[in-house]
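Accompanying notes for the structure given below.
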Amino acid sequence: MEDNTVEALKMLGKEMPVEHVTDFSKIAAYGVMTTPALVYDQKVLIAGRVAKAEEIAELLKEVMA
C-alpha cells in the first residue's frame, strides 16, 4: 500500500510524506481493525486490502479537492 500510495501521489504531481504506521494502538484509534489501511487528513479511505495506485489516486483527488 505504501508503494502504491507514493506512486499515486506521483501520478497526481503531489509531493508529501507518506507515513508507514505499525503501532496497533495508533491504527486502532482510527477504527481500523484490518490492515493495510490508508488514512488521509484523519479519514480512513481504504482498509483491509491493498489498493492499486490508480484507485488511490482517484480517492486522493476527491479528498484533496
Side-chain angles (χ1 to χ4, degrees):
M1 180 82 88
E2 183 177 2
D3 290 342
N4 291 353
T5 301
V6 170
E7 180 64 27
L9 289 168
K10 286 180 186 175
M11 292 166 66
L12 296 172
K14 304 281 186 181
E15 277 194 39
M16 60 180 52
V18 175
E19 183 181 357
H20 184 140
V21 177
T22 58
D23 181 336
F24 185 74
S25 63
K26 288 182 181 180
I27 296 168
Y30 288 101
V32 173
M33 294 298 138
T34 56
T35 59
L38 177 63
V39 177
Y40 177 80
D41 197 25
Q42 308 297 315
K43 181 180 176 186
V44 177
L45 302 179
I46 301 168
R49 64 185 177 85
V50 176
K52 293 183 179 185
E54 295 80 11
E55 180 184 0
I56 295 170
E58 287 300 316
L59 288 170
L60 290 175
K61 272 199 302 194
E62 290 175 21
V63 296
M64 291 177 161

Which pair of heavy atoms, one from Lys26 and one from Val21, lies closest together, and at what distance?
CB-CG1, 3.9 Å
Are Val18 and Ile56 linked, directly or through other ILVMFWY residues, by side chains that come within less than 4.5 angstrom of each other?
yes
Kindly say whether Lys43 contributes a backbone atom to a donor-acceptor pair with the side chain of Asp41 at under 3.5 angstrom?
no
Between Ala53 and Ala8, which heavy-atom pair has the shortest distance, and what is it?
O-CB, 3.4 Å
Can you confirm whether Val39 sits close enough to Leu45 that some side-chain heavy atom of one is under 4.5 Å from a side-chain heavy atom of the other?
no
Test: side-chain hydrogen bond (donor to acceptor under 3.5 Å, both in side chains). Region: residues 2-16. Which pairs qualify, not counting sequence neighbours?
Glu2-His20
Do Tyr30 and Met33 sit in one hydrophobic cluster, given that two such residues count as connected whenever their side-chain heavy atoms are within less than 4.5 Å of each other, even indirectly?
no
In the single-linkage hydrophobic clustering (I, L, V, M, F, W, Y; side-chain heavy atoms under 4.5 Å), do Tyr40 and Ile46 co-cluster?
yes
Who are the salt bridge (charged side-chain N to carboxylate O under 4.0 Å, His left out) partners of Glu55, not counting sequence neighbours?
Arg49
Going by heavy atoms in the side chains, are Ile27 and Thr35 under 4.5 Å from each other?
yes
Under 4.5 Å between side-chain heavy atoms, counting indirect links through other Ile/Leu/Val/Met/Phe/Trp/Tyr residues: same cluster for Leu38 and Leu9 or not?
yes
Can you list, pair by pair, the side-chain donor-acceptor contacts under 3.5 Å of residues 57-65, counting residues two or more places apart and other chains?
{"from": "Glu58", "atom 1": "OE2", "to": "Lys61", "atom 2": "NZ", "distance (Å)": "3.1"}

